[in-house]
Number of protein chains: 2
Amino acid sequence: MIPDWLCYNRSETFRGEQAQHKSMARRHNTDGRPTIAQIARIAGVSVPTVSKVLNGRADVSLPTREKVERIIQEYGFVRNRAARALRKGKTGLIDLLLPRLDDEYYLPILEGVAQVLREAGLRLVLTATDYKPEEEVRWITTVTDHSTDGILVVLPSEQAIEQLERSGLPFVLIHNQGGLQATAPSVRITSWEGGFVATTYLIRLGHRRIAYIGKTAPARDAIERIAGYRAALDAAGLPLLPELECDGDFTEASGYQATLRLLELPEPPTAIFAGNDRQAAGVYRALHERGLAIPEQMSVVGFDNLPYTEIMNPPLTTVHAPRLELGRTAASMLLRLINGEQLEMPRVVLPTHLVERQSCCPPRAG
Amino acid sequence: MIPDWLCYNRSETFRGEQAQHKSMARRHNTDGRPTIAQIARIAGVSVPTVSKVLNGRADVSLPTREKVERIIQEYGFVRNRAARALRKGKTGLIDLLLPRLDDEYYLPILEGVAQVLREAGLRLVLTATDYKPEEEVRWITTVTDHSTDGILVVLPSEQAIEQLERSGLPFVLIHNQGGLQATAPSVRITSWEGGFVATTYLIRLGHRRIAYIGKTAPARDAIERIAGYRAALDAAGLPLLPELECDGDFTEASGYQATLRLLELPEPPTAIFAGNDRQAAGVYRALHERGLAIPEQMSVVGFDNLPYTEIMNPPLTTVHAPRLELGRTAASMLLRLINGEQLEMPRVVLPTHLVERQSCCPPRAG
DNA sequence: TTTCATCTAGAAAACGATTTCGATTTCTTT
DNA sequence: AAAGAAATCGAAATCGTTTTCTAGATGAAA
């Protein structure tokens with residue numbers, strides 16, 4: 001009688017174990033990791049049975065299940081993801097495209113995405129595009145194969161969005177620059193409101209001459225921030241003074257330069273709303289160099305709430321951009337899309353809020 | 001006569017295109033993405049020929065190659081990574097395990113790894129372990145399946161290293177805490193030397209009472225830093241004063257606390273070597289609060305050279321930890337390991353160096 | 001004891017690519 | 001023109017898993 005551990009795939013067994021040399025038989029599986037077939041043979045069951053045990057199917061008797069589980073434990077078996085992905089059409093991988101990795105701004109976004117994916121048992125494939133749209137398109141091409149189940153893109157270019165829509169893969173955009181009519185799922189922050197609130201805060205403190213830095217930054221968020229600034233001045237009945245709207249590309253250096261120019265004005269401002277925290281750091285440096293006290297001689301407000309704003313001297317009052325939530329929300333939305341669910345709110349906007357610290361006070365009388 | 005586009009895999013063609021319903025025929029490939037078989041059929045060639053074109057094999061005639069390439073272009077075909085990975089036994093994925101993502105210290109490491117992998121055409125799977133060894137072990141288990149070709153681990157735990165060695169997968173450790181006798185491939189920085197150089201620099205400036213903060217941080221790098229500090233004092237014939245070696249767990253708060261205690265000493269130090277930049281930020285805060293001028297009344301040196309040290313007031317003199325190179329080097333080593341090469345230098349140590357800025361000067365006479 | 005429903009387990013067919021190897025065809029060479 | 005070499009192409013096997021579908025075994029009900 002033939003023992004049942006010989007019954008499965010006998011021809012394969014013979015060729016695999018007897019007719020061929022050992023070295024040939026395991027050409028691929030060189031690291032000696034067992035496959036389902038080997039586990040099955042050892043346990044004296046069929047391959048599907050092992051698969052059923054692995055996937056917690058019901059149609060396996062308790063003794064069989066326990067035997068298989070013991071052997072899986074003993075041999076430290078883990079299943080081959082590629083084979084599983086091929087068969088199931090899912091890879092368990094999510095792509096995240098970031099403009100760059102050496103910018104701490106994106107770090108909480110990354111962290112938020114990672115948190116949600118970890119909870120869902122998915123893994124995160126990270127790609128930096130270096131702000132180059134061609135790079136982005138190139139990556140989306142390689143990403144659009146079956147290698148991931150979904151894509152998150154931070155600051156996507158128009159072409160990237162087009163390509164994503166064509167690909168048919170689930171995706172969610174973070175900080176979408178695109179036009180307001182766009183329908184692609186996306187998560188943004190209320191930059192306009194942040195600019196409005198920051199400026200209004202300075203106005204309430206009594207400031208009348210408030211400068212803004214960052215007019216030349218092209219990102220949509222930057223445009224909204226200055227729009228919020230202007231709207232706040234307007235709402236308070238204050239004039240919009242062109243000489244108080246400074247160029248700035250959201251770098252520390254441009255904040256420094258702009259501040260020096262502001263200080264040379266016949267009538268300098270009493271407060272500066274830096275478009276982001278990096279520019280605020282430049283503002284600080286210029287003010288320190290000129291020996292001006294913050295906030296007594298100049299109030300400063302930033303935007304983003306980067307970690308180091310807390311340890312600036314004095315700690316910077318700034319608009320908090322909820323970047324962790326940005327990442328978490330986008331990832332959650334993507335998960336729902338992958339699940340085939342409809343998003344009741346495909347375009348989410350997360351609120352910003354002012355974090356009051358010690359870089360602002362009322363202007364000096366006179 | 002039978003047209004040649006019908007000749008390949010006829011039975012499959014019939015079942016796939018005629019006998020079955022459309023919905024059933026493409027149960028998996030729901031997004032309408034073409035497969036090699038479909039491209040082959042359209043081009044009137046066999047599946048292997050398309051594969052050869054895709055892989056740039058030589059045994060394809062120019063007209064055939066061009067025809068296939070045109071059709072691949074036209075239909076926007078991209079090959080299924082899972083299938084390729086299964087067959088080739090390589091996934092094109094590298095795992096990077098980081099303690100956490102919300103710590104900007106690791107950012108340049110991540111960037112360095114990403115750079116090298118991008119150049120190599122590999123993709124980066126990112127995982128944060130949150131400093132929990134169990135998490136780490138859990139992840140290494142799921143990672144040790146065939147889903148990645150290699151693993152990079154930052155600050156690995158002992159158990160993680162053991163598990164990696166058992167797995168047989170190529171791996172490289174970054175900031176390995178382990179014993180000096182360990183043979184696993186790893187990349188570290190010269191923390192001891194950094195501590196030595198920083199302290200010596202202060203001694204050369206004329207300081208005699210130099211404090212160190214960060215005695216309680218358990219990481220190997222922290223231990224080496226204080227050892228370098230002590231060695232420098234020793235080499236200069238200066239006494240090791242226990243009251244000048246402060247507790248500190250490398251957080252901003254502990255730098256602040258330690259500084260306050262140091263200032264209450266009957267004879268406070270004239271210089272502080274903060275174990276890292278975060279603690280240096282706490283030192284600054286305490287000194288600013290007490291109205292002490294940096295560097296005139298207190299010299300400060302940090303360690304790590306985080307981005308914000310440049311914009312501190314005054315800019316912080318600190319020891320540069322080459323974190324980008326840490327990432328690049330580790331990734332390059334891993335690539336070589338994956339290629340089956342032997343590493344002539346499995347344990348690499350990258351040099352640190354002092355970055356002189358404006359937080360140090362000679363102590364006041366008397 | 002017979003009949004029918006319920007469990008279990010396995011054979012075989014996918015999933016989509018790559019690789020090997022043999023069969024043609026085409027090109028040289030004598 | 002015949003023989004050998006080189007170029008080109010495709011049939012079939014394979015990677016390791018999941019899924020479907022069917023065949024026995026077992027149990028319960030009549």
Side-chain angles (χ1 to χ4, degrees), chain A residues 4-12 15-16 20 24-30 33-41 43-65 67-68 77-91 145-147, chain B residues 4 7-12 15-16 20 24-30 33-41 43-65 67-68 77-91 145-147:
Chain A
D4 56 354
W5 55 268
L6 251 180
C7 283
Y8 179 68
N9 262 357
R10 194 175 323 163
S11 64
E12 190 216 19
R15 271 193 293 103
Q20 299 194 341
M24 290 191 62
R26 29 159 75 194
R27 204 174 339 157
H28 280 92
N29 206 351
T30 47
R33 209 185 310 280
T35 68
I36 270 197
Q38 290 169 33
I39 295 294
R41 202 157 44 226
V45 298
S46 71
V47 166
T49 301
V50 177
S51 177
K52 286 171 185 170
V53 170
L54 285 169
N55 294 299
R57 293 297 179 95
D59 59 345
V60 179
S61 69
L62 193 60
T64 309
R65 157 165 285 126
K67 180 171 57 179
V68 172
F77 168 81
V78 272
R79 54 186 161 210
N80 181 322
R81 279 200 185 230
R84 187 184 163 88
L86 172 59
R87 178 63 231 226
K88 301 201 69 160
K90 300 250 169 196
T91 60
D145 51 18
H146 283 196
S147 67
Chain B
D4 56 354
C7 284
Y8 179 68
N9 262 356
R10 195 171 327 162
S11 66
E12 189 218 18
R15 269 194 292 105
Q20 299 194 341
M24 291 190 62
R26 28 162 76 195
R27 203 173 342 155
H28 279 92
N29 205 353
T30 46
R33 210 184 310 281
T35 69
I36 261 197
Q38 290 168 33
I39 295 294
R41 202 158 43 230
V45 298
S46 72
V47 166
T49 300
V50 177
S51 177
K52 285 170 187 171
V53 170
L54 285 169
N55 293 298
R57 292 297 177 95
D59 60 344
V60 180
S61 70
L62 192 61
T64 308
R65 156 163 287 126
K67 180 172 56 182
V68 172
F77 167 81
V78 271
R79 55 188 162 209
N80 181 322
R81 282 202 183 229
R84 188 184 164 89
L86 172 59
R87 179 63 233 230
K88 301 201 70 158
K90 301 251 168 193
T91 59
D145 52 17
H146 281 197
S147 66

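Reminder, nothing fancy here: chain letters follow the sequence lines and each chain counts from 1.
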Checklist entry - Can you check whether B/Arg87 has a side-chain N or O nearer than 4.0 Å to OP1 or OP2 of D/dA13? => result no

Next on the checklist: Side chain of A/Arg84 only, heavy atoms from C-beta on: which candidate in C/dG10, D/dT17, D/dC15 is closest?
Outcome noted: D/dT17

Checklist entry - Looking across every strand, which nucleic acid part, if any, lies under 4.0 Å from B/Val60 by heavy atom: base, sugar-phosphate, or nothing? => result sugar-phosphate

Checklist entry - Within less than 4.0 Å of OP1 or OP2 of D/dG16, is there a side-chain N or O belonging to A/Thr35? => result no

Checklist entry - To the nearest 10 degrees, what angle separates the axes at the start and end of the helix from C/dT1-D/dA30 to C/dT30-D/dA1, five pairs each? => result 40°

Checklist entry - Taking for each residue the nucleotide of DNA chain D with the nearest heavy atom, is it A/Phe77 or B/Asp59 whose nucleotide lies nearer the 5' end? => result B/Asp59

Next on the checklist: Taking only side-chain N and O atoms of B/Asn55, does any of them lie within less than 4.0 angstrom of OP1 or OP2 on C/dT18?
Outcome noted: yes

Checklist entry - With B/Thr64, which residues qualify under side-chain contact (heavy atoms from CB on, under 4.5 Å), at least two apart? => result B/Val45, B/Thr49, B/Val60, B/Ser61, B/Val68

Next on the checklist: Which heavy atom of A/Pro34 sits nearest to which heavy atom of A/Ile39, and what is that distance?
Outcome noted: CB-CD1, 4.2 Å

Item to check | Side chain of A/Leu54 (C-beta onward), nearest among C/dT18, C/dC15, D/dT18 | outcome: D/dT18

Checklist entry - Is the distance from OP1 or OP2 of D/dG10 to the nearest side-chain N or O of B/Thr49 less than 4.0 Å? => result yes

Item to check | Heavy-atom side-chain contact between B/Leu86 and A/Asn80 under 4.5 Å | outcome: yes

Next on the checklist: Any heavy-atom pair between the side chains of A/Arg79 and A/Asn55 that's under 4.5 Å?
Outcome noted: yes

Checklist entry - Given D/dT17, C/dG10, C/dT19, which nucleotide is nearest the side-chain atoms of A/Val45? => result C/dG10

Checklist entry - Is the distance from OP1 or OP2 of C/dC7 to the nearest side-chain N or O of A/Ser61 less than 4.0 Å? => result no

Next on the checklist: The side chain of A/Pro48 is closest to which nucleotide in this list: C/dA17, C/dA11, C/dT18?
Outcome noted: C/dA11

Next on the checklist: Looking only at the side chain of A/Val47 (C-beta and beyond, no hydrogens), which of the listed nucleotides C/dG16, D/dT17, C/dA9 gets closest?
Outcome noted: D/dT17

Checklist outcome for this item: Hits for salt bridge (charged side-chain N to carboxylate O under 4.0 Å, His left out) against A/Lys67, two or more places apart or cross-chain, chain-then-number order -> none

Checklist entry - What heavy-atom pair brings B/Ala82 and A/Ala85 nearest, and what distance separates the two atoms? => result CB-CB, 3.7 Å

Checklist entry - Can you tell me if the side-chain N/O atoms of B/Arg65 get under 4.0 Å from OP1 or OP2 in D/dT8? => result no

